[in-house]
Visitor: 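If you scroll down you'll find the structure; I have some questions about it.
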There are 2 protein chains.
Amino acid sequence: MTENSTGSGEPSRTLALLWGEPTEAPRRKGPARSVTVPQVVDAALLLADEQGLAAVTMRAVAEKVGVSAMSVYTYVPGKPELLDLMVDTCYFRMTRKPWGRLGWRKRLVAVADANRELLSGHPWLTEVAALSRPPLGPGVMAKYEHELAAFDDTGLSEVDIDAGLAYLLGFVQSHCRSAHDAARSTTDTAMSDAEWWGANQAVLARVFDAEAYPRAVRIGSAAGEAQGSAWAADHAWKFGLARTLDGLAALIGDDASA
Amino acid sequence: MTENSTGSGEPSRTLALLWGEPTEAPRRKGPARSVTVPQVVDAALLLADEQGLAAVTMRAVAEKVGVSAMSVYTYVPGKPELLDLMVDTCYFRMTRKPWGRLGWRKRLVAVADANRELLSGHPWLTEVAALSRPPLGPGVMAKYEHELAAFDDTGLSEVDIDAGLAYLLGFVQSHCRSAHDAARSTTDTAMSDAEWWGANQAVLARVFDAEAYPRAVRIGSAAGEAQGSAWAADHAWKFGLARTLDGLAALIGDDASA
DNA sequence: GCCGTACACCGTACAATGTACAACGTAAAT
DNA sequence: ATTTACGTTGTACATTGTACGGTGTACGGC
């Protein structure tokens with residue numbers, strides 16, 4: 001195990017798990033299973049949401065569902081597959097309202113907002129979810145289908161729709177990852193931005209040639225002061241989303257926006 | 001240790017390390033140090049570049065520089081700080097040509113290309129480098145200053161320049177992260193895209209309702225076939241970069257591009 | 001010249017992780 | 001009643017970051 005990467009292991013076994021094992025012969029030989037796969041996944045999700053991805057250990061999940069550590073392996077082939085299931089489950093539970101008569105721009109804003117909300121509720125997703133080659137479960141498929149539909153009336157080619165959606169989601173994921181670990185660095189060091197700046201200022205003053213970095217000093221402090229750190233994330237969001245939509249508008253041709 | 005997060009520990013100590021310890025009294029009491037901090041960092045960089053971030057263990061670094069595992073801690077407070085040093089060193093070594101008379105669009109393309117090249121040469125950077133609150137070392141500062149200068153004649157406000165740069169870099173990082181772990185998933189499973197698809201097709205055919213996901217099937221296979229997987233990354237790059245620049249152009253006002 | 005002290009270095013040890021392995025028990029199939 | 005397949009579990013191992021204490025070295029003050 002090298003990393004928290006998703007999507008390793010025997011693929012067909014993983015797929016069967018993701019889709020709920022439809023080949024399940026209802027009667028088996030041995031003793032009855034004491035829990036279910038969704039219970040295991042839910043336990044892992046609870047741990048990740050409440051205490052972060054690092055708290056998702058096989059032993060912790062096992063204890064949460066009330067079995068021994070090794071029993072988890074009878075439900076799930078290993079930790080990477082468990083992560084796949086967690087991701088797909090999160091995707092599956094997103095609410096998906098039909099698009100109705102909204103223009104493409106409002107649709108894409110809705111896609112972005114929904115993904116931002118998802119990643120705010122499950123920050124660990126930014127550390128785990130791969131944009132490319134995700135686990136092909138029902139959640140991923142439903143999400144993909146629904147978000148593709150947001151591009152229905154844009155007139156883009158199929159390849160461009162795929163690329164455009166990936167681009168939009170890439171922005172959201174990148175933003176949320178930054179916002180998330182900015183929030184975490186102020187949280188789990190128990191050190192406010194002001195304190196951190198104060199602690200470093202002494203060293204910086206001794207070592208730092210302000211004349212060598214005029215723009216960095218000017219713009220960095222301007223950006224730093226203007227943004228109360230909590231507000232900063234919101235500003236970056238509005239800025240980035242507007243840029244992203246304008247960039248796509250240049251490709252689509254803005255007929256009926258607003 | 002929870003994660004490969006950068007930037008923990010006593011901040012002033014880290015800063016002094018980053019800036020090469022200018023308070024260094026040249027003569028000390030005990031025996032001479034057998035190696036130097038840059039040697040330690042270079043060893044770690046070599047490991048990361050050649051065998052991935054997971055190969056950067058304190059023991060491996062120690063062996064590479066020829067000391068015992070615990071001796072590394074006399075050069076570096078801990079692993080997070082070592083990662084900070086690695087990141088800052090990579091940034092510091094980027095080539096920075098003065099911008100001359102290029103228009104803003106070409107400048108931003110150059111910024112994006114340079115960062116893409118950086119992240120291609122050091123893929124582990126996408127797993128470690130935080131866009132927000134990076135280690136304030138000389139490399140980070142020089143890079144920041146140089147890239148801010150690319151916005152010099154755009155007429156943007158200071159806050160917008162900062163946001164615009166972050167937006168551009170966010171795209172590059174997001175793209176390279178996807179490209180990198182797409183490449184890795186075809187590499188380290190020893191399974192080509194074709195094999196992977198073949199292995200999954202049987203299960204998917206049994207479980208998958210093609211009528212439920214018309215767009216996903218159509219667009220997904222269109223995008224999949226059109227892209228020979230190696231070509232896909234390049235296409236996504238060109239697409240995304242064009243969108244990003246168009247998005248910024250909508251803010252800047254395109255006077256003299258090309 | 002001598003010695004105390006500060007510091008570099010190192011071996012050992014510990015807690016946490018994913019998971020391989022084998023023993024044990026249970027319930028359906030024969 | 002015996003076989004057989006499978007769920008459950010305890011133990012064990014390799015790997016990680018790093019805390020701790022011991023050992024030796026070289027400089028500063030006498």
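Within every chain, numbering begins at 1; the chains are lettered A, B, ... in the order of the sequence lines, protein sequences first and strands thereafter. Just the heavy atoms: all of them, side chains too, but no hydrogens, waters or symmetry mates, feed the values below.
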Visitor: Classify the ring geometry between A/Trp124 and A/His122 as parallel (under 30°), tilted (30 to 60°) or perpendicular (over 60°).
Guide: perpendicular
Visitor: Hey, which of A/Val35, A/Thr36, A/Val40 is the one that makes side-chain contact (heavy atoms from CB on, under 4.5 Å) with A/Pro38?
Guide: A/Thr36
Visitor: Would you kindly give the CG-to-P distance between A/Leu47 and C/dG18, to the nearest whole Å?
Guide: 11 Å
Visitor: Mapping A/Ala32 and B/Met70 to their closest nucleotides on DNA chain D, which lands nearer the 5' end?
Guide: A/Ala32
Visitor: Quick check on contacts: within residues 55-63 of chain B, what sits under 4.0 Å from DNA chain C by heavy-atom distance?
Guide: B/Arg59
Visitor: Name the residue closer to the 5' end of DNA chain D, choosing between A/Pro31 and B/Pro31 according to the nucleotide with the nearest heavy atom.
Guide: A/Pro31
Visitor: Would you say a side-chain N or O of B/Ser71 is under 4.0 Å from OP1 or OP2 of C/dC10?
Guide: yes
Visitor: Whole angstrom is fine here: how far is it from NZ in A/Lys29 over to P in C/dT30?
Guide: 8 Å
Visitor: Nearest to the side chain of B/Tyr73, heavy atoms from C-beta on, is which of C/dG11, D/dT9, D/dG17?
Guide: D/dG17
Visitor: Not counting sequence neighbours, which residues clear ring pair (Phe, Tyr, Trp, His ring centres under 6.0 Å) with A/His146? List them please.
Guide: A/Trp99
Visitor: Can you name the side-chain hydrogen bond (donor to acceptor under 3.5 Å, both in side chains) partners of A/Tyr91, sequence neighbours left out?
Guide: none
Visitor: Go nucleotide by nucleotide along DNA chain C from the 5' end; which of B/Gly66 and B/Gly30 gets its closest nucleotide reached first?
Guide: B/Gly30
Visitor: Whole angstrom is fine here: how far is it from CZ in A/Arg33 over to P in D/dC6?
Guide: 11 Å
Visitor: Is there a donor-acceptor contact under 3.5 Å linking the side chains of A/Tyr144 and A/Asp162?
Guide: yes
Visitor: Does a nitrogen or oxygen in the side chain of A/Thr74 sit under 4.0 Å from OP1 or OP2 of D/dT8?
Guide: yes
Visitor: Return yes if a side-chain donor-acceptor contact under 3.5 Å exists between A/Gln173 and A/Asn115, otherwise no.
Guide: no
Visitor: Between C/dT19, C/dC9, D/dT8, which nucleotide gets closest to the side-chain atoms of B/Tyr75?
Guide: C/dC9
Visitor: Out of B/Leu47, B/Leu46, B/Leu45, which one pairs with B/Val56 under the side-chain contact (heavy atoms from CB on, under 4.5 Å) rule?
Guide: B/Leu47
Visitor: A/Ser34 side chain N/O closer than 4.0 Å to the phosphate oxygens (OP1, OP2) of D/dT8?
Guide: yes
Visitor: Kindly point out which of C/dC9, D/dT9, C/dT19 is positioned nearest to the side chain of A/Pro80?
Guide: C/dT19
